[in-house]
Novice: 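Below you'll find the structure I mean.
Protein chains get the first letters and strands the later ones, always in sequence-line order, with residue 1 at the start of each.
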2 protein chains.
Amino acid sequence: MGRATMQDVALRAGVSRALVSLVMRNSPRVSPQRRAAVFAAATELGYRPHAMARQLASRDSTVLGVLVSDLHNQFFADLVDGVDQAAHEQGFSLLLQTGQRRAAREEQVIDTLLSFSPAGLVLLGPVVATRIMAAAARQSPVIAVTRSCRHPDIDTVTDDSEAGARLAVAHLAGLGHRRIAHLDGGNGAQAALRRRGYRAAMAEAGLAPLIVRSEYTETGGVLGARALLSSAPETTAVFCSNDLNAVGAIAELEDHGLQVPADMSVVGYDNTALAALRHVSLTTLHQPRHEMGRLAVELLLDRIRGNRDTVARLQLEPTLVVRKTTAAPRSAATAAARAVDGAATSPKREVSA
Amino acid sequence: MGRATMQDVALRAGVSRALVSLVMRNSPRVSPQRRAAVFAAATELGYRPHAMARQLASRDSTVLGVLVSDLHNQFFADLVDGVDQAAHEQGFSLLLQTGQRRAAREEQVIDTLLSFSPAGLVLLGPVVATRIMAAAARQSPVIAVTRSCRHPDIDTVTDDSEAGARLAVAHLAGLGHRRIAHLDGGNGAQAALRRRGYRAAMAEAGLAPLIVRSEYTETGGVLGARALLSSAPETTAVFCSNDLNAVGAIAELEDHGLQVPADMSVVGYDNTALAALRHVSLTTLHQPRHEMGRLAVELLLDRIRGNRDTVARLQLEPTLVVRKTTAAPRSAATAAARAVDGAATSPKREVSA
DNA sequence: CTACAAGGTTGTCGCGCTCCAATCAATAGA
DNA sequence: TCTATTGATTGGAGCGCGACAACCTTGTAG
């Protein structure tokens with residue numbers, strides 16, 4: 001099944017190989033007759049330009065290398081989808097590998113991707129050291145999504161997680177909650193920012209923060225909620241590190257006989273498809289995942305095409321999506337009283353799950 | 001940032017370009033000294049073999065083209081993950097594009113993938129005409145997952161959806177249900193098989209089938225459940241086309257004041273992460289998605305390496321995962337009585353949503 | 001009739017690499 | 001000493017294509 005080459009098409013159309021090349025690249029300097037003849041010959045032979053040979057010869061690639069941390073996470077799957085859309089529109093193809101949240105593997109994957117001389121590299125939620133990313137950036141433009149890093153050669157797209165956390169706290173406090181806990185994202189990307197935003201917002205509202213160590217998983221939510229109930233049962237609202245975590249927390253709360261939102265309000269983060277399910281209907285912070293993927297590609301292409309040589313750090317504002325897992329506490333007055341009490345006796349509490 | 005080539009390494013190591021090539025390909029016919037010298041020069045220059053040039057020259061590819069129908073669907077994201085794992089282990093990279101469930105787009109994507117002369121093509125849930133796949137198969141080995149097609153050049157990996165449907169019905173009938181409906185998957189992949197299995201199992205159990213037209217989405221589940229409640233309120237159990245559909249159905253049932261499983265048992269299909277959530281805890285049929293992805297790659301590589309020249313049609317057996325959305329009907333006796341009644345008055349019912 | 005331009009078309013080189021025949025060195029056998 | 005034999009190394013052709021200068025047309029102005 002030897003595939004047809006330009007030479008074959010040229011022979012069949014009775015022209016030179018160079019002319020076929022011009023036709024395939026839509027050069028305007030070709031007469032209509034020749035063009036038609038070439039196209040005819042090409043379709044007859046089932047000719048298809050050889051992308052790799054083309055890129056080798058022209059020295060510019062139409063491939064974007066994509067490192068995605070984990071496709072099991074809906075959040076990243078959506079990012080990839082956005083990246084794919086934008087890339088497809090611009091005529092780029094994706095060379096994709098998963099990093100499994102392991103730095104060593106990510107390093108290897110980046111190496112493999114670079115061996116294809118891609119036009120650029122898109123890193124979705126990388127955990128690898130900045131040093132490695134910087135090294136890659138010397139071979140090919142790099143953009144990191146959901147990973148803020150301060151290197152001058154690496155563009156980034158993130159959401160303003162600190163602002164998101166503030167929105168969550170403001171929403172809950174606005175409903176009358178005083179005992180608002182946070183199940184955090186541990187060492188995960190953006191987790192530190194969400195913690196910081198939570199702390200700041202709580203302080204500004206004159207409330208005592210309570211951070212429970214957790215992680216970006218359902219199990220993390222289950223364990224976090226369990227720890228919370230045993231150590232601070234007076235809590236009336238919890239801001240979870242992401243949607244998955246929130247769903248786990250809700251399950252655990254319900255197992256303990258608590259009703260959401262009557263007994264406990266819950267806020268997630270990401271607004272994944274999960275949160276939108278009517279059966280879940282989670283109040284959460286929306287990150288425009290699809291849009292983030294698109295923007296990453298656009299920024300990368302700007303860099304590739306030389307339209308920009310300064311670093312880009314795009315930070316998107318999350319928005320609050322109110323659904324059915326948040327409500328005023330059973331008695332706002334009671335909750336307020338307990339909060340004052342709690343703040344007086346323990347201005348700062350930390351629990352580990 | 002001109003990247004180093006073999007020539008550069010050769011010069012630096014004081015050997016010929018051909019020797020560098022041998023070293024890079026781990027040829028045993030190289031003396032240890034030269035090998036060391038080449039490696040040293042390579043690392044000093046930050047040399048990395050150019051994958052595309054290599055594939056052009058060697059005429060064999062280390063790239064697998066992947067067409068995935070839709071990454072928003074967790075099911076396919078998991079498949080891709082399995083494919084990625086297996087490919088990575090075998091030293092292959094994935095060139096991935098999404099088809100958006102649109103035949104025209106899929107056709108275009110296949111064309112793009114083929115232009116890279118991939119070692120093989122993995123089609124995950126394609127909706128494109130078999131004719132197009134067959135044409136692709138003449139350029140490169142093709143395997144389709146979750147899409148049975150009878151073409152002699154196209155390998156397939158599917159689950160035995162007919163058997164899965166039978167398991168679902170058997171489970172529900174075993175619990176004492178008599179009025180068991182099916183929200184189907186419309187024109188989706190495997191939907192016809194699930195319908196057939198449902199019909200057969202119902203007939204064997206002496207029960208009257210009730211198929212509600214639906215689709216593989218949450219909204220489909222919502223609408224399907226609504227149609228079901230208005231047209232056949234005596235139903236006590238429903239077998240949904242997939243998990244997403246089931247979750248939509250559950251939400252709608254709850255909105256109507258019905259409790260799951262007390263008033264209505266629900267079975268899904270796929271056993272996605274969604275079903276495993278404690279808050280959902282859906283009884284469903286497990287498809288080993290990750291494993292299916294792996295197997296697809298393995299079968300494809302067999303073909304690529306010439307270890308097999310006959311068509312492979314792997315059909316995996318789904319297994320029932322019982323969770324908390326199924327139980328015996330409130331009164332098995334009553335349900336049975338109603339079933340007999342219903343079967344007598346309307347041996348075959350169909351409803352459209 | 002020549003000069004010139006502009007539109008078309010072609011030959012050739014090289015992208016970075018693999019592959020293979022050819023070469024060379026060193027040792028073993030006659 | 002003169003081949004074989006083996007092992008290590010090299011030059012060169014070619015993978016399919018793009019870039020570019022050179023080359024042919026025609027047509028038009030001088």
Novice: Does B/R54 have a side-chain nitrogen or oxygen under 4.0 Å from the phosphate oxygens OP1 or OP2 of C/dT18?
Specialist: yes

Novice: From CG of A/L22 over to P of C/dG8, roughly how many Å is that when rounded to an integer?
Specialist: 12 Å

Novice: Tell me whether the OP1 or OP2 atom of C/dT10 has a side-chain N or O from A/S16 closer than 4.0 Å.
Specialist: yes

Novice: Return whichever of B/L56 or B/R25 has its heavy-atom-nearest nucleotide of DNA chain C closer to the 5' end.
Specialist: B/L56

Novice: Can you tell whether the side chains of A/R105 and B/D84 come within less than 4.0 Å, N to carboxylate O?
Specialist: yes

Novice: Give A/R29 one of three labels, base, sugar-phosphate or nothing, depending on what nucleic acid heavy atoms sit under 4.0 Å from its own.
Specialist: base

Novice: Any salt bridge between B/E89 and B/R294, counting N to O under 4.0 Å?
Specialist: yes

Novice: Going by atom types only, do B/Q55 and B/S61 share a side-chain donor-acceptor pair under 3.5 Å?
Specialist: yes

Novice: Between B/D111 and A/R48, does any NZ, NE, NH1 or NH2 come within less than 4.0 Å of an OD or OE carboxylate oxygen?
Specialist: yes

Novice: Examine distances only and state if a side-chain atom of B/Q190 and a backbone atom of B/D159 form a donor-acceptor pair shorter than 3.5 Å.
Specialist: yes

Novice: Report the residue (A/A53 or B/S31) whose heavy-atom-nearest nucleotide on DNA chain D is the more 5′ of the two.
Specialist: B/S31

Novice: Please evaluate the base of C/dT12 for a donor-acceptor partner in the side chain of A/R17 within a cut-off of under 3.5 Å?
Specialist: yes

Novice: Earliest and latest nucleotide of DNA chain D, 5' to 3', sitting under 4.0 Å from a non-hydrogen atom of chain B?
Specialist: D/dA8 to D/dG16

Novice: Measure CZ/B/R59 against C1'/C/dC19 and give the value in whole Å, please.
Specialist: 8 Å

Novice: Under 4.0 Å between a Lys/Arg side-chain N and an Asp/Glu carboxylate O for A/R308 and A/D155?
Specialist: yes

Novice: Select from B/A18 and A/S58 the residue whose nearest nucleotide in DNA chain D is closer to the 5' end of that strand.
Specialist: B/A18

Novice: Write down the distance between CG (B/L19) and P (C/dG16), rounded to a whole number of angstrom.
Specialist: 20 Å

